[in-house]
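Notes to accompany the following structure.
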Amino acid sequence: MEKQGRLLSSKLHQGRRQVEVVLNRCALAWKEIEKSKRRSSGTGSVSETALSHAVQVGEIVAVCKTKDDDPDSTETRRSRKTAKQLSKLYPHSFTVSYVRRTSQHQWRCSDVTFHCANQGLCEQWVQLINEQLSLLSNRPKSLLVYINPYGGTQSGKRIYEQKVAPLFRRACISTDVIVTERANHARDHLKTEANLDKYDGVVCVGGDGMFSEVLHGLVTRTQTNNGVDLNQPDTELVPCSLRIGIIPAGSTDCICFATVGTNDPVTSALHIIVGDSQPMDVCSVHHNDVFLRFSVSLLGYGFYGDVLTDSERKRWLGPARYDLSGVKTFLSHNYYEGTISFLPAENNTATPRDKLQCRSGCCVCLHQPSSKDGEQWEMSEEKEKSDKDGSGGWSAIRGKFIAINAASMSCACPRSPKGLSPSAHLADGTTDLILVRKCSRLDFFRHLLRHTNKDDQFDHSFVEVHRVRKFRFQPRHRELLSLEDLSESPKKTGFSPICSARTTCNYSTAHSSWTCDGELLPHTAIQVSVQCQLIRLFARGIEEQQQQEQCVFEDPCTLWALEPSTH
């Protein structure tokens, strides 16, 4: 840690212990003072073996004078008896709430209370810490919150009121809360009605579907305000100025898991409070120059499209419908013919198989293209405009595919800890295009099984992966079917025997469907462009263990090595 001058240093009491508390612009630290038996004078000194604690100023949630009847003060509740005894000797105290890391990337809000006999000193500590917090311009002060009361286990409202709202109040964040009443309520409100100038961010309480609503509403509103036509596939979109926060409360929370590392509402709330910012790429999906949807996680054709199509007919089963449809689709083992064209990512510093995972402070996502890279990017754009038939920098693959997937992030979740593309990055302007060619059912099962273990899931002769900036797909048959036609079409030809023979795929003349972040697209012929860092989340990416340890200062004792200014 870089040495900084002390702002304040005092000998205070924490519980029954006397501690020295030190504040500088980076950290608040405290260390127990032990009586040194070697000193005849009996004066107190800081023991070399005493346990030190340090908290980054940026991870302090709040500080305030302690009230005995404060319902949010866990320190008061746990130590009420001790606090009463201390209050007689040291009647003034203040409580610091801060982020504490636990296991599995989870954060908790912890409290530490310091007691002192001097009211002026107590107020000085509160004022000085609050002054340092006020200098953190990235922290939100006002939030627009949308709650989906129906998603997942229908516990979104309860999760927000019991776990999140108290933390926002403690951090002095004002909120306007809207409980959605119908599908796309949040999207429509953001597109037209919401006064976004009064907020520092938008928070969605729900699952991936709720996040998608907020994403579409916020991005569409931003483009409308800037006069950008979403129906132009080659147009560069304007990044959103407001950050999006996700409080996970759905049946699947893939976006939250991939950007924070856990689906825990308290952890997500604390990331919002401290003002974290994680840029994220967004894919825009078009059909014949007509905008369809945005995607941030998975675009899937073939296997995953069929699973979603079948599960939509079984919504009455609840979440179990995905497992049943997955088994049925696997046994059907259909393949589809078509042509996939893509524009490879040029001069990219990473590849889909390099085992370089996207983590907090990712060097790949932070990479800024050089002027040469920028020139080549522009050249590729010009080639694309002049050559729409697949040449001029584009590659084309025609074949029979069981699955075509485009992963803009790892798509990790508790069931698949590494995800569909473990080395995909959140904000490098690319998506990983995964092509699974026609193969035996047993081989495809081996491929699926690798999503749950640590083996290289692309290490099969029938699987190839490309890191791309854009891609287009054209099915073999040009006639386009509506979603109603797809759901009624008897394209399944029955179950074939489970074996490893090369001829166990069922060919269907009908099209599959594209799943776009859990929603079905109405067209199969699509073109996709990656919009680099179009949005930002209240997140910081998944922290590695060493990153978490560095967040608690490496050597808090350096604070005591500075010139003292003890009160």
Side-chain angles (χ1 to χ4, degrees), residues 58-64 70-74 97-99 107-109 130 133-134 136-152 154-182 184-207 209-215 217-218 221-222 240-250 253 255-256 259-260 263-278 535-540:
E59 293 187 356
I60 294 177
V61 175
V63 60
C64 62
D70 186 359
D72 289 337
S73 176
T74 56
S97 303
Y98 63 94
V99 170
W107 286 10
R108 289 294 176 263
C109 184
N130 275 324
L133 294 182
S134 68
L136 303 174
S137 58
N138 59 322
R139 291 198 171 196
K141 296 179 177 62
S142 179
L143 295 171
L144 176 59
V145 181
Y146 294 98
I147 301 176
N148 179 5
Y150 308 110
Q154 301 184 357
S155 57
K157 190 175 180 181
R158 176 184 58 81
I159 287 174
Y160 178 79
E161 292 175 349
Q162 295 182 6
K163 297 184 177 182
V164 178
L167 291 172
F168 284 172
R169 286 196 297 269
R170 191 182 304 188
C172 299
I173 296 176
S174 63
T175 57
D176 287 336
V177 179
I178 296 176
V179 180
T180 58
E181 300 174 354
R182 55 178 173 81
N184 293 320
H185 182 174
R187 182 200 67 183
D188 296 341
H189 184 261
L190 278 169
K191 285 172 64 175
T192 57
E193 301 177 39
N195 180 12
L196 300 181
D197 294 335
K198 58 186 290 191
Y199 302 110
D200 301 312
V202 181
V203 175
C204 58
V205 184
M210 188 62 177
F211 169 78
S212 182
E213 277 196 40
V214 170
L215 166 72
L218 192 59
R221 176 73 170 270
T222 302
C240 299
S241 59
L242 294 182
R243 284 168 288 177
I244 302 175
I246 307 173
I247 304 297
D253 299 292
I255 314 299
C256 185
T259 55
V260 177
N263 293 334
D264 174 62
V266 172
T267 302
S268 294
L270 291 172
H271 278 284
I272 294 171
I273 289 171
V274 302
D276 280 337
S277 183
Q278 170 63 53
I535 62 172
R536 291 179 298 148
L537 302 186
F538 283 106
R540 63 175 60 177

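The first residue of the sequence shown is numbered 1, and numbering continues consecutively from there.
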Which of V145, T180, I246 passes side-chain contact (heavy atoms from CB on, under 4.5 Å) with V205? Answer is V145
Next on the checklist: Check this for me: does any side-chain nitrogen of one of D264 and R108 sit under 4.0 Å from a carboxylate oxygen of the other?
Outcome noted: yes
inquiry  = Measuring only between side-chain heavy atoms, which start at C-beta, is I535 closer than 4.5 Å to L218?
reply    = no
Open item on the list: Do L144 and L190 have side chains that approach each other closer than 4.5 Å (heavy atoms only, starting at C-beta)?
Closed with: yes
Between the OG atom in S174 and the CG atom in L143, the distance rounded to the nearest 0.5 Å is 7.0 Å
* N184 backbone acceptor or donor facing E213 side chain under 3.5 Å -> yes
Rounded to the nearest 0.5 angstrom, the CD1-OG1 distance for I272 and T267 is 11.0 Å
Closest non-hydrogen atoms of F168 and A269, given as atom of the first, atom of the second and distance, are CE2-O, 4.0 Å
- Query: Under 3.5 Å, side chain of R170 to main-chain N/O of S97, donor-acceptor pair present?
  - Reply: no
Whether the side chain of N263 engages the backbone of P248 through a donor-acceptor N/O pair (distance < 3.5 Å, no angle test) should be reported. no
Indicate yes or no for a side-chain donor-acceptor contact from R187 to the backbone of S212 under 3.5 Å, with no hydrogens or angles considered. no
**OP:** Measure the shortest side-chain to side-chain distance between H271 and T259 over non-hydrogen atoms and say whether it is less than 4.5 angstrom.
**Re:** no
#### Entry: Backbone of D200 reached by a side-chain donor or acceptor of R243 within 3.5 Å
no
### Message
Between W107 and V260, is there a side-chain heavy-atom distance shorter than 4.5 Å?
### Response
no
Q) Do C109 and L167 touch side chain to side chain, with heavy atoms closer than 4.5 Å? A) yes
Would you check if R182 and D188 make a side-chain contact, meaning some heavy-atom pair closer than 4.5 Å? yes
Taken to the nearest 0.5 Å, the spacing of N148 CG from F211 CZ works out to 14.5 Å
CD1 (I147) and OH (Y160) are apart, to the nearest 0.5 Å, by 6.0 Å
Side-chain touch I255/L537, heavy atoms, less than 4.5 angstrom:
yes
